[in-house]
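Following: one structure in structure tokens, then a few remarks.
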Amino acid sequence: MNIIEMKLAGHMNKGDVPEYFATIHRVPGNDYITVKLISADGEREHLVEANNPDDVYSMAECLQYHLDGCKGTNSMVHDYYRILENFTD
């Protein structure tokens, strides 16, 4: 099984819309994971080297910060890292 796309929503309080959404995808054979952070202010696209654990970890930190709305603990960042690992080599 290969996961080629995943969509995430940021932290939601009851009845609220999240500030951030994210899509993660990788075209089979491509060297990069594409991560889009989407907010009311627009969309930012990040290209993450699929075979670079440091780049993947940095993206996990970015996703955690934006989607959770705070600087998280190491275990919170690793939750996002594990999601991104589905797209690595």
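The structure presented is a predicted model; accordingly, all values stated were derived computationally and were not measured. Each residue takes its place number in the sequence, starting with 1.
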Is a donor on one side and an acceptor on the other found under 3.5 Å between the side chain of [X] and the backbone of [Y]?
X   : Y   : result
D68 : C70 : no
N51 : D89 : no
N86 : I83 : yes
T88 : E85 : yes
R26 : F87 : yes

(request) For the pair Y57 and Y81, name the ring-plane relationship: parallel under 30°, tilted 30 to 60°, perpendicular over 60°. (result) tilted
(request) Start with the C-alpha gap between I33 and L47, add the side-chain angles, then the distance that decides, and say whether side-chain contact (heavy atoms from CB on, under 4.5 Å) holds. (result) CA-CA 6 Å; I33 303 164; L47 295 177; over 6 Å; no
(request) Specify the closest pair of heavy atoms between Q64 and G72, including all atoms of both residues, with the distance to one decimal. (result) OE1-N, 2.9 Å
(message) For I24 versus L63, what's the shortest heavy-atom pair and its separation?
(response) CD1-CD1, 4.1 Å
(message) Could you walk me through whether H66 and L37 satisfy the side-chain contact (heavy atoms from CB on, under 4.5 Å) test, starting with their C-alpha distance in whole Å, then the side-chain angles of each, then the deciding distance to 0.1 Å, before giving a yes or no?
(response) CA-CA 8 Å; H66 285 91; L37 280 171; 4.0 Å; yes
(request) Determine the sole option in R44, E43, K7 for which the side chain to side chain contact (heavy atoms under 4.5 Å, CB included) test with I38 is passed. (result) E43
(request) Could you walk me through whether C62 and V35 pass the side-chain contact (heavy atoms from CB on, under 4.5 Å) test, one step at a time? (result) CA-CA 10 Å; C62 182; V35 179; over 6 Å; no
(request) Please round to the nearest 0.5 Å and tell me the distance separating atom OH of Y20 and atom NE2 of H11. (result) 15.0 Å
(request) Could you walk me through whether H25 and M6 pass the side-chain contact (heavy atoms from CB on, under 4.5 Å) test, one step at a time? (result) CA-CA 6 Å; H25 78 274; M6 191 176 289; over 6 Å; no
